[in-house]
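FYI, side chains are in, hydrogens and waters are out, and symmetry mates aren't considered; it's all heavy atoms of this structure.
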Amino acid sequence: MLITAKVVAIGLGLALTAFTVSTIVLAVQKSNLKDDLQNARDEIEQLLKSTTTTTTTTTAVTTPTSSSAGTTPTTTTIAPVPTTTSTSTPGSSTTAPEVIDYRLPDSIYPTSYDLYLHPDIETGNFTGQIRIRVQTTRAIKQILLHSSGLIINNVYLVNTPSATIFVQNYYLDTVREFLVIELSEELAANLTFQIGILFEGNMSGKIVGLYSSSYLKADNSRKYIATSKFEPTYARLAFPCFDEPAMKATFDITLVHPTENDYHALSNMDIASTSYQGKYTEVHFNQSVPMSTYLACFIVSDFKYKSAEIDTKGIGNTFTLRAFATPEQLDKVDFALEVGKAVIEYYIQYFQVEYPLPKLDMAAIPDFVSGAMEHWGLVTYRETSLLYDEGVSSTTNKQRVASVIAHEFAHMWFGNLVTMAWWNDLWLNEGFASYIEDKGVEAKFPEWKMRDQFITGTLHGVLTLDATLGSHPIIQTVANPDQITEIFDTITYSKGSSIIRMLEDFIGAENFQKAVTNYLNEYKYKNAVTDNFLTEIEKLGLDIDVKSIMNTWTEQMGLPVVEVEQVSATQFKLTQKRFFSNPDDYSGTYDDSRFNYKWSIPITYKTNNDTEAVREWFYYDQPELTIELTAAPQWIKFNYDQIGYYRVNYPADLWLSLANQLIADPTKFSVGDRAGLLNDAFSLADATQLSYDTALDMTAYLAKEPDYVPWNVAASKLTSLKRLLMFTEVFGNYKKYARELIKPIYESVTWTVGEDHLENRLRVTVLSAACSLGLEDCLSEAGSRFNTWLSKPTERPHPDIRETIYYYGAFSANEQSWQTMWNLFVSETDASEKSKLMYGLSAVQVPWILSNYINLAWDENNVRGQDYFTCLQYIAANPVGEPLVWDYVRENWLKLVERFGLNERYLGSMIPSITSRFDKQTKLEEMEQFFAKYPEAGAGAAARVRALETVKNNIAWLANNKNSIGSWLEEV
């Protein structure tokens, strides 16, 4: 790739001589940071009046900026262009290396940033200057730092040991996203000085870096704001920086905002001073603690806030929690504030480590690519993840808000205070936050039983993914931005948190808490790797080789299935092997693990004779484990509460004893055990390791099942089986069986919403499944309520049943009904309600209406960019819409890439979502042809592997299971 190098003289189109740059540096040294930009412009303008020649050969070119940068092509004056991605002198023509090193060298590191940033709300552009105090670790003649999508107007040095050392040249390496600064002579080791950079960029047309967002005011006028999102590698889009997590430094931020129209500025820290400059106001914030660049945050908006005081109970200073939203939605932050206060106070006591900043803000952003982001001291959220309105938000919405807040607040310690050294160990951030969040929510709402909900909300999904060849180890080597973005996935979050859940169980909750506190104290304001945390556990002196055990779970992908053999009435022999969802995968040879795909498994079990679970260790280097009981049990259940990250398969008679006990008295098993038994049985049957008769027999007890979590497993399986069997001759009998199975619980939950949180979650799950399975009464009731609502749209159904009514009411909608619903969607301002309507619109069974919906969604005025992929996935989940979306994506792939960029992981993950129900060889071939036509996958490379694996699994599943299911249904 041709690497374009720019040397821009404050946009005036002239390259400066070394003497000129040196002179500017001396002048800039004398100025204050906020005056540097104008002073430097003035100095250069005067110097250029007398400068008519240059010692550097220059070439004028038009440099197109990528769509993610959000700027238009710019004609600039550039230095000679290097032909490699290395840091060789521009103008050389060596062959590009096969492997590109995207990492910054360790020869220099930052200690502080002094950033002056002016986001121009009116134009969508921004300008800025930064001074980075750095220190060398060895002699250097070149400085590398990150910059992407920015126009660099000048680079200079401050406080170098000699005036003869100056910036001789600088250019952008666009492949590695580096700003390369070449010096006039060598700088020695252990020197401290400052790098000054003047830059500008554009905030429009993107949703990462520093970007523009907007919302509609009550008078229907559009209000624009500036906001930011930098994780993982987008800080470089906003300002030149050392954009790696281990390059921690303090930040002194000055933001400029319009003086009028209620604008103000927010950043990580509290405000130190404000200076009014007529049309604009400069806000200087206090210096931050040392932190990674991805945690910096800048917002210029007219948001209003509510606040609460945090009682730290003597662990650190008290501070204020604030929740910001658009003025029109300020009353929707009350619940978030209530939850946030409870959670942060709980975490301070749990971690026994102070929250170190003087304030903590939460802000609901109209356009936000993620669910939320843990910027230190200024956490940003999608509106659906922070705002709660009783009249609009469902029980699910309420739990989502609480969980997201708890997740992000956990990051204040795990991720912010102690940060992974490199993205390989991202699970130290996300896995811990995903696990700890349930503790935070339970501290406020113990009746929600979040630890039970973890099983279906987190564990089961990742067990499915991890049983495929499309998985990856928790700790995975990543180098370039695409790979880094890609690992923000289910394995990192859900497997990470599941492994931590298992770890806490086998070392004990008290020991886990001590290790966490010690780890946070040991590495505060620093970076860590997985081994550092495990070392803190070892220091507790437990009689467990934690590192050896955990390495088997973090370093290899996949999971084991423990196979139980009953040797005698009291003796059971356990063996293990890697579990694959596709039986064909067992035919391969997998020698990429030093543990040979064996795990050190914490075996737990209960029998009818035990009141507490018994624990044994099955180490990875043991061929088998024998369990000896003192008395013959009526039944034995392994993996108590499904806390262990493994599946269990029993011989047929032991499965039968478990099924009989469920029918006799399901409460003999915990909620987690009941959910785990159903999940294991069907997963093993799907993989042909268990007779499908046995799995289906396990459902007989459901008539006595009163709890949400087991029914969540059952409903999910019933609806997935419906889709797998829909186009087979077995489907008729399956519909009859599934409807009869769900009818009693459907009649029990009714459509009347109560106050109990888990009962409401059960109700929504059952109603949705019953309608999906075609239960006539359910569809009739949904249709009736839908028509009643459309006749009086202001009288909306209860939020908990609203989504079901919208979707299954629109199921039989005509053009007029759909258009009425569409108009309501477009005019809706509440993000939660808008999401429900967007989902409902995707249910219509008329192909041309769905095709029109796909086209309408492209317009940002209809569907925000943050919601676009979700909208397409909703439509694709409809069997009528699936081929329409698949054709649309293939035909418009280049257009999608141009708009969103290959680094957008949601673009990549859309493919496996759209194709997840394909079950024909012809569809698999279509996918392979599409991927061959567009081989550049960016952050979607692993998603493509998962997509192909899923379709192969679906094909194998039908071949292996359809007939046995059909036979069982014939006999029911």
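- Counted within 6.0 Å of NZ on K668, heavy atoms from surrounding residues, nucleotides or ligands total 12 or fewer; the atom is thus considered open.
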Using the side-chain contact (heavy atoms from CB on, under 4.5 Å) rule, take K834 and L837 through it: C-alpha gap first, then chi angles, then the decisive distance, then the call. CA-CA 5 Å; K834 206 170 183 71; L837 289 165; 5.7 Å; no

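- Using modelled atom types and a 3.5 Å distance limit, the side chains of Y808 and S780 yield no donor-acceptor pair.
- Contacts of S581 classified as side-chain hydrogen bond (donor to acceptor under 3.5 Å, both in side chains), with partners at least two apart in sequence or in another chain: N953.
- With rounding to the nearest 0.5 angstrom, the NE2 atom of H757 is 8.0 Å from the NZ atom of K398.
- With 3.5 Å as the limit, one finds no donor-acceptor pair spanning the side chains of T688 and N960.
- The NZ atom of K449 sits 12.0 Å away from atom CD1 of I455, with the distance rounded to the nearest 0.5 Å.
- Ring-centre distance between Y645 and W599: not below the 6.0 Å cut-off.
- Using a 3.5 Å distance cut-off with no hydrogens or angles, the side chains of Y646 and W553 do not pair a donor with an acceptor.
- With contacts defined as side-chain heavy-atom distances shorter than 4.5 Å, the pair T950/T468 does not qualify.
- Taking W711 as the reference, nothing meets the ring pair (Phe, Tyr, Trp, His ring centres under 6.0 Å) condition, with sequence neighbours excluded.
- Between the side chain of S835 and the main chain of S832, no donor-acceptor pair closer than 3.5 Å is present.
- Judged as a side-chain contact (heavy atoms from CB on, under 4.5 Å), and not counting sequence neighbours, the contacts of T667 are D665.
- Qualifying side-chain contact (heavy atoms from CB on, under 4.5 Å) partners for D707, counting only residues two or more places apart in sequence or in other chains: V671, R674, E705, P710.
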Which is it for M927 and W886 under the side-chain contact (heavy atoms from CB on, under 4.5 Å) test, yes or no, and what are the steps along the way? CA-CA 10 Å; M927 293 167 66; W886 176 231; 3.7 Å; yes

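- Put simply, the side chain of N679 reaches to within 4.5 Å of the side chain of R647, judged on heavy atoms.
- Two rings, from Y435 and W427, have their centers 6.0 Å or more apart.
- Distance check: L773 CG to L721 CG gives 9.5 Å after rounding to the nearest 0.5 Å.
- Between Y737 and W968, the ring-plane angle classifies as perpendicular under the 30° and 60° cut-offs.
- Of the possible polar contacts, one joining the S657 side chain to the L654 backbone as a donor-acceptor pair under 3.5 Å is found.
- Checked against the 6.0 Å centroid criterion, the rings of F580 and Y590 qualify as a close aromatic pair.
- To the nearest 0.5 Å, atoms CG (D466) and OG (S494) are separated by 10.5 Å.
- For F869, the ring pair (Phe, Tyr, Trp, His ring centres under 6.0 Å) criterion is met by F900, not counting sequence neighbours.
- Here E437 pairs with H407 under the side-chain hydrogen bond (donor to acceptor under 3.5 Å, both in side chains) rule; sequence neighbours left out.
- Counting only distance, with no hydrogens or angles, the side chain of N892 and the backbone of Y888 share a donor-acceptor pair below 3.5 Å.
- In this structure, Y874 and M838 have side chains that are in contact, with non-hydrogen atoms separated by less than 4.5 Å.
- The neighbour count for F930 CZ, taken as heavy atoms of other residues, nucleotides or ligands under 6.0 Å away, is above 12.
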May I have the step-by-step check of salt bridge (charged side-chain N to carboxylate O under 4.0 Å, His left out) for E949 and R944, ending in yes or no? CA-CA 9 Å; E949 180 76 2; R944 291 186 174 190; over 6 Å; no

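- Here F825 and W818 keep their ring centres 6.0 angstrom or further from each other.
- To the nearest 0.5 Å, atoms CD1 (I801) and CG (N760) are separated by 10.0 Å.
- To the nearest 0.5 Å, atom NZ of residue K735 and atom CG of residue L718 are 15.0 Å apart.
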